[in-house]
Amino acid sequence: MRSDDARSLLHAAVPTLAVGALAAVVSGVVAGSKGAVGAVVATLVVVLFMGIGFVVLQRTARSLPHLFQMMGLMLYAAQILLLFVFVAVFKNTTLFNPKAFALTLVVATLVWIAAQTRAHMKAKILYVEPDSVKGDKPENSGPKS
């Protein structure tokens, strides 16, 4: 993974983990320990799903740039669908509070998307690939001494 990709991933993951920690504390106070567990599980699911999606999208951008936009749209749709599946599967669980889980899942997903958007907008991404210099220096057009 390139350093700018890792930086973008970090800029999305850190705010999401911070919001997840805050959600765990609030859920722990409101719904007890099961609420805190639900918030932690939801945060980990979001970071895992979105992180894997980010890595897949960056690899696609490098290897198949003509599929980047389509792959991005498909990937985000699949991620949201999988998150809804997680909410549906765990809605009647007794392992953790399902309301805290679902609310944290939605909030953490929105924070990830907002943080990733902000990181992308602040990144200085070249839209033209500069020519690589192989030690060849252009000759001066002026008079030689």
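The same ILVMFWY cluster, assembled from side-chain heavy atoms under 4.5 Å apart, contains both Val46 and Phe96. Cluster annotation: Val107 is not connected to Val45 through the hydrophobic network of ILVMFWY side chains, with a link wherever side-chain heavy atoms come within less than 4.5 Å. Both Leu105 and Val37 are part of a single hydrophobic cluster, where members link through side-chain heavy atoms under 4.5 Å apart.
The shortest distance between side-chain heavy atoms of Leu95 and Lys34 does not fall below 4.5 Å.
Atoms OG1 and CG, on Thr104 and Asn97 in that order, are 9.0 Å from each other to the nearest 0.5 Å.
Residues Trp112 and Ala13 share a closest heavy-atom pair of CZ3-CA, 3.5 Å.
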Let me check something: any side-chain donor-acceptor pairs from residues 73-88 under 3.5 Å, sequence neighbours excluded? List them with distances.
unit_1	atom_1	unit_2	atom_2	d
Tyr76	OH	Gln116	OE1	3.1
Tyr76	OH	Gln116	NE2	3.4
Gln79	NE2	Phe49	O	3.0

Which donor-acceptor pairs under 3.5 Å do the side chains of residues 14-33 make with protein atoms, sequence neighbours left out?
unit_1	atom_1	unit_2	atom_2	d
Thr16	OG1	Ala12	O	2.8
Ser27	OG	Ala23	O	2.8

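Annotation for Val106: hydrophobic cluster partners, listed by chain and number, are Leu110 (ILVMFWY side-chain heavy atoms under 4.5 Å, direct or chained). Hydrophobic cluster membership for Leu67: Leu64, Met70 (Ile, Leu, Val, Met, Phe, Trp, Tyr linked by side-chain heavy atoms under 4.5 Å, directly or transitively).
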